[in-house]
2 protein chains.
Amino acid sequence: MKRSSAEAESIIAGLTLPNVRSIMFSMSKIPDAELLDRLTEVFRTHGYEGASLSKISDATGLQRASLYHRFPGGKAEMAEAVLTRAGEWLEAHALKPLTESGPPEQRLSRMAEKLDEFYEGGRQSCLLDALSFGVGEGGIRDHQKVAMEAWVEAIATMLRESGLPPRIARERAEDAVIRIEGSLVMARASGDALPFRRTLRSLPQDLLRKPEGTQA
Amino acid sequence: MKRSSAEAESIIAGLTLPNVRSIMFSMSKIPDAELLDRLTEVFRTHGYEGASLSKISDATGLQRASLYHRFPGGKAEMAEAVLTRAGEWLEAHALKPLTESGPPEQRLSRMAEKLDEFYEGGRQSCLLDALSFGVGEGGIRDHQKVAMEAWVEAIATMLRESGLPPRIARERAEDAVIRIEGSLVMARASGDALPFRRTLRSLPQDLLRKPEGTQA
DNA sequence: ATATGTAGACCGAACGTTCGGTACAGGACA
DNA sequence: TGTCCTGTACCGAACGTTCGGTCTACATAT
C-alpha cells in the first residue's frame with residue numbers, strides 16, 4: 001500500500017516531483033530566497049538558541065544534512081545569512097527612499113510603510129532583538145552592531161540634509177529606531193500591534209519637528 | 001582519611017558549614033532572594049529557551065534536582081517566579097513614586113532613577129523582551145500581558161492626574177514604555193548604553209510637555 | 001541525655017529526548 | 001562518467017525531568 005500503482009508513476013514520467021523541482025527551482029528542493037524566508041521566521045520567533053535545527057528542518061522541509069550542505073558553517077552561518085538578507089532588504093526598500101527626491105516627510109512615510117511591511121504590522125520581531133540573546137562575541141554580534149549603526153546613520157543623514165543640526169539629527173535618528181524596536185517589543189508582550197502602527201504613523205512629523213530651543 | 005580528626009570536629013562544634021548555613025539562611029544553600037536574582041540574570045541574558053538548566057545550575061550553585069525541589073513546576077515555574085519578583089520590585093520601587101506627593105516631573109525622575117538601577121544602566125535586558133521569544137500560550141505569556149498593561153496604566157494614570165487628556169496620557173504612557181524597551185534593545189545590539197540613559201533622562205519632560213493642538 | 005521520627009534541602013545518577021553536527025550511499029543532472 | 005545534492009542513519013553531548021537516597025535540624029518520647 002505504499003504506491004497506488006506502477007502505471008500512475010509512468011504516466012507522469014518526467015513530471016515526478018524531483019523533476020518538477022529541478023526545472024522550477026534550479027535543482028533545489030527549496031529556492032534560496034524562500035529558504036532564507038523560512039529561516040528568518042524561525043529565528044525571529046525563537047531567537048538564536050531557541051531556533052533548533054529540528055524547528056528549522058520542519059520549517060524548511062530540509063533535513064539536517066541538507067541544511068549543512070547549504071550552510072557549511074551550521075546554525076551560526078544560517079543566522080548570519082538571515083541577518084545579511086534582512087539588512088539588504090531594509091537597505092533597498094526602507095532606507096533607499098530616504099535618499100531619493102521628494103519632501104522629507106514623504107520620504108519618511110515611505111520608510112514607515114516599508115517597515116510596516118517588513119514587520120508584518122507588528123506581528124514579527126526584529127532580528128536585532130531576537131538574535132541579541134545568548135550570542136556572545138562573534139560574527140553575529142558584530143553584524144548587529146554594524147546593522148544598527150547603519151540604520152541610525154541613514155536616518156540621521158537624511159535629517160541633517162533636511163536642515164536639522166547634526167546633534168539633534170543623530171539623537172532623533174536613534175530615537176526613531178528605539179521607538180520602532182520598543183513598539184515591537186510591546187506588541188509582542190501585549191499581543192496588541194496598535195502601538196506599533198501608531199508609532200510608525202507619527203514618526204515622520206516627530207522626526208522633522210522644529211527643535212525647541214533653537215538659537216536662544 | 002575521611003575526616004582529619006575527631007577533636008577538630010568537636011572544637012568547631014556547632015560552627016560546621018551546614019550549621020552556619022542553617023542559622024543564616026534558614027537551612028538553604030542559597031536564600032530565596034539570591035536564588036531569584038541569579039535566575040533573573042540567566043533568563044535576562046539568554047531568554048527562556050536559551051536558559052538551560054545547566055546554565056541555571058551553574059549560576060545558582062544548585063544541582064538540577066535541587067532546582068526541582070524549589071520549583072516543582074520546572075523551568076516554567078522558575079520563569080514565572082522571576083517575572084513575579086521583577087514585577088513586585090518595579091511596582092514597589094519604580095511605580096510607587098508615581099502615586100506619591102511632589103511635582104509630577106520629580107516623580108517621573110524618581111521612576112527613571114529606579115529603572116536605571118533595575119536595568120543596570122542599560123546593561124541588562126527587560127524580562128518582558130527576553131521571555132517573549134519561543135514561549136507560546138501559557139502562564140508566562142499571560143503574565144507578560146498583565147505586567148505590561150499595569151506598567152503602562154500606572155504611568156497613564158499619573159499623567160492624567162497631572163492634567164493631560166486621557167487619550168494623550170495613554171498614548172504617552174505607551175510611548176514611555178516603548179522608548180524604555182527600545183533603548184534597551186538598542187543598547188544590547190549596539191553595545192552602547194548611552195541611548196538608554198539619554199532616553200531615561202528626557203522622559204519626564206517629554207511626557208509632561210503641553211499637548212500641541214490644545215483647543216485651537 | 002539519648003533515641004526515634006519527621007520534614008526539608010540537597011545531590012548523583014539516570015531517564016528518554018533532543019541537541020548540533022557528520023559520514024555515506026544513492027539519485028539526478030551534465 | 002563525474003558532479004552536485006539529498007536523505008538515512010548515526011554520533012557524542014546536552015536537554016528538561018525524575019528517582020532514590022543522604023544529610024541536617026528539630027520535635028517528640030524515653
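Please read these numbers as outputs of a predicted model, since none were measured by experiment. Chain naming here is simple, since letters A, B, ... match the order of the sequence lines and numbering starts at 1 in each.
The interatomic distance linking A:Y68 (OH) with D:dC4 (P) rounds to 22 Å, in whole Å. Residue B:D58 contributes atom CG, which lies 13 Å from atom P of C:dC11 at whole-angstrom precision. Atom C1' of nucleotide C:dC19 and atom NZ of B:K55 are separated by 12 Å, given to the nearest angstrom. In this structure, the CG atom of A:L62 is 16 Å from the P atom of C:dG21, given to the nearest Å. Atom NZ of B:K29 and atom C1' of C:dC11 are 9 Å apart (whole Å). One atom, NE2 of A:H69, and another, C1' of C:dG27, lie 14 Å apart when rounded to the nearest Å. Spacing between atom NE2 of A:H46 and atom P of C:dT18 amounts to 14 Å, rounded to whole angstrom units. The CZ-P distance, from B:R70 to C:dG8, rounds to 13 Å in whole Å.
Heavy atoms of A:A51 sit under 4.0 angstrom from primed sugar atoms or phosphate atoms, though from no base atom. As judged by a 4.0 angstrom heavy-atom cut-off over every strand, A:Q63 is placed among the base-contacting residues. Across all strands, B:R64 comes closer than 4.0 Å to base atoms (heavy-atom distances).
Listed nucleotides C:dC11, D:dG16, C:dC19 differ in distance to B:L53; the shortest reach to its side chain belongs to D:dG16. Candidate nucleotides C:dG21, D:dG16, C:dC10 were compared by shortest atom distance to the side chain of B:S28, and C:dC10 ranks first. Counting only heavy atoms from C-beta on, B:S54 has its side chain closest to D:dA14 among C:dG20, D:dA14, C:dC19.
Aromatic ring pairs are classed by plane angle as parallel below 30°, tilted from 30° to 60° and perpendicular above 60°; the pair A:F43 and A:Y48 is parallel.
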Audit row: B:R188, B:S125, side-chain hydrogen bond (donor to acceptor under 3.5 Å, both in side chains) steps and yes/no: CA-CA 7 Å; B:R188 205 169 343 109; B:S125 313; 2.8 Å; yes
Full working for salt bridge (Lys or Arg N to Asp or Glu O under 4.0 Å) between A:E88 and A:R85: CA-CA 5 Å; A:E88 285 172 353; A:R85 180 174 159 87; over 6 Å; no
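Mapping B:K75 and B:A65 onto DNA chain D via the closest heavy atom, the residue that lands nearer the 5' end is B:K75.
At C:dA9, none of the side-chain N or O atoms of B:S66 fall inside 4.0 Å of OP1 or OP2 (strictly under the cut-off).
In the model, B:S54 has a side-chain atom that pairs as donor or acceptor with a side-chain atom of B:R64 under 3.5 Å.
At a threshold of 4.0 Å, the pair A:E174-B:R198 counts as salt-bridged, since one of the basic side-chain nitrogens sits closer than that to a carboxylate oxygen.
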